[in-house]
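The structure appears below as structure tokens.
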Amino acid sequence: MGGLPIQSSSTIALKSHKDQVSTAVTSETDSKPKKKICCACPETKTLRDECIVEHGESACEKWIEAHRKCLRAEGFSV
């Protein structure tokens, strides 16, 4: 008989387990930053920097925190 090969249920279970493991590994690496911190969040970085230059750090807490929030969303611990 030249039909399709028959797979046992243990082979299917093994493949399913491999898929779950690779998904778990992918999920772990997704939480790591995909860029360097200097290149992440350019919009909030520019606003923060311009504010600090013009008004001083103490007057720009809103922009500083917005940039930190953006960096955290990108996966950085700041």
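Counting begins at 1 with the first residue of the sequence.
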Validation: residues 42-57 side-chain donor-acceptor distances under 3.5 Å, sequence neighbours left out:
residue	atom	partner	partner atom	Å
T44	OG1	C41	O	3.3
T44	OG1	H67	ND1	2.7
K45	NZ	C38	O	3.3
T46	OG1	P42	O	2.8

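Residue K35 comes nearest to A40 through the heavy atom pair CD-CA, 4.1 Å, listed as atom of the first residue, atom of the second, then distance.
Residues that satisfy the side-chain hydrogen bond (donor to acceptor under 3.5 Å, both in side chains) test with R72, not counting sequence neighbours, are E65.
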